[in-house]
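Quantities reported herein were computed from a predicted structural model and do not represent experimental measurements. Residue indices begin at 1 and follow the sequence shown.
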Amino acid sequence: MKKIYFASDFHLGVPDKETSRNRERRIVAWLESIRHDAAEIYLVGDIFDMWYEYRTVVPKGYLRLLGKLAELREAGIPIFAFIGNHDMWQFGYLTDELDIPVYNEPVVREFHGKRFFIGHGDGLGPGDTKYKLIKKVFRNPVCQWLFGWLHPDIGLGIANYWSGRSRRANAPKDQVFLGEQNEWLFQYCCRKLETKDYDFFIFGHRHLPLDLLLPNQKSRYINLGEWLKYDSYAVFDGENLSLNYFGHAT
């Protein structure tokens, strides 16, 4: 039976060229390993640690991943991508070059009678008001247009600086489960269930692999983790959804 695969937070580009390239090779190996039974693949944000598309310029590198994605699309495997908080400045490159739809907001999908709510997860739920304000600025078309007038070496340098600063600031709490009352994506799922039923909530962003049963005792919140440490992903086989680790267990 064909399966649905979910992964997020590759953060390609950090912390250095060699480490990122090794991670990229693992991701490509994972994609190759699932091509025989993948019905659809969802890449749920922060594929790149930093990404800004100028009109005729994109960040260099990532050819192994982009080539493998192109190969899978040519083979007829649907691939869907989401914008994360580190690569939100995407303006059509993946769609134009690879025929991969890119979503700015969460989407709802139904597979084999199960309802999935899928999104990167940044800016959802209670709290984090500082980031929500920054997100509005970064997604403002005027701000994006003004940033685009910077020379790529300057613009990408600034963006890399802010991306690294954000990652370092959040790193300590990314590795610790905060408890259901303090996990804001868990609380967001609870609020969504007050108005509509979902079987699975699939998010990235949190960097900690999580598989939590929600208070209604039937819905689950899955956080996909990341590929800097865990190499984690989720797979739905038509009946069951599991959180797995490529090449190693934690």
Side-chain angles (χ1 to χ4, degrees), residues 1-12 24 26-49 51 53 58 62 64-124 139 185 188-189 192 198-207 209 220-227 231-238 240-244 246:
M1 179 178 292
K2 294 288 186 177
K3 301 175 181 178
I4 314 294
Y5 287 91
F6 307 88
S8 75
D9 293 87
F10 299 156
H11 285 277
L12 290 176
E24 186 179 11
R26 294 198 308 273
I27 296 164
V28 168
W30 169 68
L31 288 168
E32 177 61 25
S33 75
I34 68 175
R35 69 179 298 163
H36 67 287
D37 67 357
E40 298 180 13
I41 299 172
Y42 287 79
L43 304 179
V44 192
D46 283 354
I47 299 171
F48 312 102
D49 191 70
W51 184 273
E53 292 175 23
V58 296
Y62 321 124
R64 293 163 181 81
L65 175 63
L66 296 174
K68 177 57 67 175
L69 294 176
E71 180 184 330
L72 296 178
R73 286 297 297 120
E74 291 292 330
I77 300 173
I79 302 174
F80 307 93
F82 290 74
I83 285 179
N85 53 303
H86 282 260
D87 54 10
M88 67 173 64
W89 289 340
Q90 299 185 48
F91 307 123
Y93 181 78
L94 292 183
T95 302
D96 294 341
E97 295 294 327
L98 304 179
D99 193 27
I100 295 176
V102 177
Y103 299 105
N104 288 289
E105 302 294 341
V107 301
V108 177
R109 291 285 188 270
E110 185 168 321
F111 306 119
H112 299 276
K114 302 291 186 179
R115 285 174 57 84
F116 286 70
F117 188 94
I118 309 165
H120 183 62
D122 61 308
L124 302 180
R139 288 202 175 183
L185 278 174
Y188 176 80
C189 296
K192 293 294 290 184
Y198 300 94
D199 296 284
F200 299 103
F201 292 87
I202 308 290
F203 293 117
H205 186 59
R206 179 65 177 86
H207 282 205
R220 287 160 59 192
Y221 156 47
I222 307 294
N223 196 282
L224 298 169
E226 40 85 338
W227 282 68
D231 296 353
S232 49
Y233 65 96
V235 55
F236 179 64
D237 64 7
N240 301 304
L241 187 144
S242 60
L243 191 59
N244 299 340
F246 180 66

> Rounded to the nearest 0.5 Å, what separates atom CD1 in I4 from atom CD1 in I118?
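Between I4 CD1 and I118 CD1, I get 9.0 Å after rounding to 0.5 Å.
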
> Using ring centroids (six-membered ring only for Trp), state whether F236 and F116 fall under 6.0 Å.
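Yes, ring centres under 6.0 Å apart.
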
> To the nearest 0.5 Å, how far apart are CZ in F91 and CG in D96?
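Between atom CZ of F91 and atom CG of D96 there are 13.0 Å.
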
> Does any part of the side chain of F246, heavy atoms only, come nearer than 4.5 Å to the side chain of W227, both counted from C-beta?
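Yes; the side chains approach each other to less than 4.5 Å.
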
> Is there side-chain contact between L124 and F203, with at least one heavy-atom pair below 4.5 Å?
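Yes; the side chains approach each other to less than 4.5 Å.
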
> Which side-chain N or O atoms in residues 39-46 pair as donor and acceptor under 3.5 Å with protein atoms at least two apart or in another chain?
from	atom 1	to	atom 2	distance (Å)
E40	OE1	Y42	OH	2.7
Y42	OH	R109	NE	3.4
D46	OD1	N85	N	3.1
D46	OD1	H86	N	2.8
D46	OD2	H120	NE2	3.3

> Rounded to the nearest 0.5 Å, what separation is found between the CG atom of N104 and the CE atom of M88?
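The CE atom of M88 is 9.5 Å from CG of N104, to the nearest 0.5 Å.
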
> Crowded around K68 NZ? As in, over 12 foreign heavy atoms under 6.0 Å?
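Atom NZ in K68 is packed in, count exceeds 12.
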
> Would you call the rings of W30 and F10 parallel, tilted or perpendicular, taking 30° and 60° as the class edges?
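Taking F10 first and then W30, their aromatic rings stand perpendicular (interplane angle over 60°).
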
> Go through the steps for F117 and F201 under the test ring-ring contact (aromatic ring centres under 6.0 Å, His included), then give the verdict.
CA-CA 5 Å; F117 188 94; F201 292 87; 5.7 Å; yes

> Under 3.5 Å, is there a donor-acceptor pair between the side chain of E53 and the main chain of Y93?
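Looks like yes, one N/O pair under 3.5 Å.
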
> Side chains of V107 and F82, heavy atoms from C-beta outward: is any pair under 4.5 Å?
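Yes, close enough: below the 4.5 Å cut-off.
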
> Take a 6.0 Å sphere around CD of E110 and say whether it holds more than 12 heavy atoms from other residues, nucleotides or ligands.
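Yes, because the 6.0 Å sphere around CD of E110 holds more than 12 heavy atoms from other groups.
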
> With side-chain contact (heavy atoms from CB on, under 4.5 Å) as the test, would you mind laying out the steps for I79 and L98 before giving the verdict?
CA-CA 9 Å; I79 302 174; L98 304 179; over 6 Å; no

> Could you tell me whether the side chain of Y62 reaches within less than 4.5 Å of the side chain of W51, counting heavy atoms only?
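W51 vs Y62: side chains touch.
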
> For the backbone of L241 and the side chain of R220, can you confirm whether one donor and one acceptor N or O come within less than 3.5 Å of each other?
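Judged by distance alone, yes, a pair lies under 3.5 Å.
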
> Enter the distance from L65:CG to R26:CZ here, rounded to the nearest 0.5 Å.
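The distance works out to 13.0 Å.
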
> Give the minimum heavy-atom separation between A7 and S232, together with the two atoms involved.
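Smallest heavy-atom distance, with atoms named: CB-O, 4.5 Å.
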
> Do you know the tightest heavy-atom contact between A75 and R35?
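In this case the closest contact between A75 and R35 is CB-NH2, 3.9 Å.
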
> Can you check side-chain contact (heavy atoms from CB on, under 4.5 Å) on I34 and V235, steps first, answer last?
CA-CA 10 Å; I34 68 175; V235 55; over 6 Å; no

> Give the minimum heavy-atom separation between R64 and E24, together with the two atoms involved.
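The answer is N-OE2, 3.2 Å.
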
> Are Y198 and V108 close enough that some pair of their side-chain heavy atoms sits under 4.5 Å apart?
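Y198 vs V108: side chains touch.
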
> Can you find a pair of side-chain heavy atoms, one from L243 and one from N223, that are under 4.5 Å apart?
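L243 does not reach N223 side chain to side chain.
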
> Could you pull out the closest heavy-atom pair between S8 and L224, with the gap in Å?
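Of all heavy-atom pairs spanning S8 and L224, the closest is OG-CB, 3.6 Å.
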
> Find out whether L12 and I27 are in side-chain contact, i.e. whether some heavy atom of one side chain is under 4.5 Å from a heavy atom of the other.
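Side-chain contact under 4.5 Å: yes.
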
> In Å and rounded to the nearest 0.5 Å, what is the CD1 to NE2 distance from I47 to H11?
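One gets 11.0 Å once the value is rounded to the nearest 0.5 Å.
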
> Between OH of Y5 and CG of D237, what distance do you get to the nearest 0.5 Å?
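Nearest 0.5 Å value for the OH-CG distance: 9.5 Å.
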
